[in-house]
Novice: 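Here you go, one structure.
These numbers were taken from a predicted model, which means no experiment stands behind them. Note: hydrogens, waters and symmetry copies are ignored here, and every other heavy atom, side chains too, is used.
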Amino acid sequence: MPAGAGRRGLPQGRHLCWLLCAFTLRLCQAEAPVREEKLSVSTSNLPCWLVEEFVVAEECAPCSNFQAKTTPECGSTGYVEKITCSSTKRSEFKSCRSALMEQHLFWKFEGTVIGVALVFACLVIVRQRQLDRKALEKVRKQIESI
């Protein structure tokens, strides 16, 4: 009997792969129409800085205790900047990200990455020592049996 003559179709692992690919494709097609829908939003409810040009009146600064309680823009980052919209001349607050905050977030991320790398480096060293001991024991048993 030639090799593969008794088998029909794809091996079991490939069936699963094709099934996952088909499911993913269906999922993407199901989401596509939702992304294309345009929602009509009244521009009067939006902050002016979303729909027109603006000038920064006060640079990005940390919120005071009073601002943190009264200004909703302070909630997300803890920093706000005061802006003036060009055409309507309205002054509003806009949430912003300060360079100092970004620097702290960057170093937290770097510290986390280095910490995780150290943990895994230690795990690799421990595992390597275990494997070295097992290999040494096998060699010792082979020498003793001779």
Novice: Which pairs, with at least one residue in residues 52-68 and sequence neighbours excluded, count as a side-chain hydrogen bond (donor to acceptor under 3.5 Å, both in side chains)?
Specialist: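 Those involving residues 52-68 are E52-S87, E52-T88.
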Novice: Do the side chains of E92 and W49 get nearer than 4.5 Å, heavy atoms only?
Specialist: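 They are in contact (side-chain heavy atoms under 4.5 Å apart), so the answer is yes.
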Novice: Checking T77 side chain against S95 main chain: does a donor-acceptor pair fall under 3.5 Å?
Specialist: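 Flag not set: sc T77 to bb S95 has no pair under 3.5 Å.
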Novice: Do the side chains of I83 and E81 get nearer than 4.5 Å, heavy atoms only?
Specialist: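 With C-beta onward as the side chain, the pair touches.
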Novice: Answer yes or no: does atom CZ of F109 have more than 12 heavy-atom neighbours from other residues, nucleotides or ligands under 6.0 Å?
Specialist: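 12 or below, so no.
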Novice: As an exercise, state the distance from NZ of K94 to OG1 of T71, rounded to the nearest 0.5 Å.
Specialist: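 Going from the NZ atom of K94 to the OG1 atom of T71 covers 15.0 Å.
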Novice: Given the rule that I, L, V, M, F, W and Y join up when any side-chain heavy atoms are under 4.5 Å apart, are L100 and V56 in one cluster?
Specialist: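 In one cluster: no.
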Novice: Measuring from atom CZ of F54 to atom SG of C85, what distance do you get when rounded to the nearest 0.5 angstrom?
Specialist: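 F54 CZ to C85 SG: 7.5 Å, rounded to 0.5 Å.
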Novice: About how many Å separate CD of E73 and CZ of F93, when rounded to the nearest 0.5 Å?
Specialist: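 Taking CZ in F93 and CD in E73, the distance rounds to 8.5 Å.
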Novice: Distance from E102 atom CD to L105 atom CG, nearest 0.5 Å?
Specialist: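 The CD atom of E102 sits 6.0 Å away from the CG atom of L105.
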Novice: When you compare the side chain of R97 with that of Y79, does any pair of heavy atoms fall below 4.5 Å?
Specialist: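 When only atoms from C-beta onward are counted, R97 and Y79 do not touch, as no gap falls below 4.5 Å.
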Novice: Find the distance between CD (E137) and CD (E144) and round it off to the nearest 0.5 Å.
Specialist: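 Spacing of CD (E137) from CD (E144) equals 10.5 Å.
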Novice: State plainly whether one hydrophobic cluster holds both V113 and V116, where clusters connect Ile, Leu, Val, Met, Phe, Trp and Tyr through side-chain heavy atoms under 4.5 angstrom apart.
Specialist: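 The answer is no; the residues belong to distinct hydrophobic clusters.
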Novice: Within the 3.5 Å criterion, strictly below it, is a donor on R127 or Q130 matched to an acceptor on the partner's side chain?
Specialist: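 Indeed, the side chains of R127 and Q130 share at least one donor-acceptor pair under 3.5 Å.
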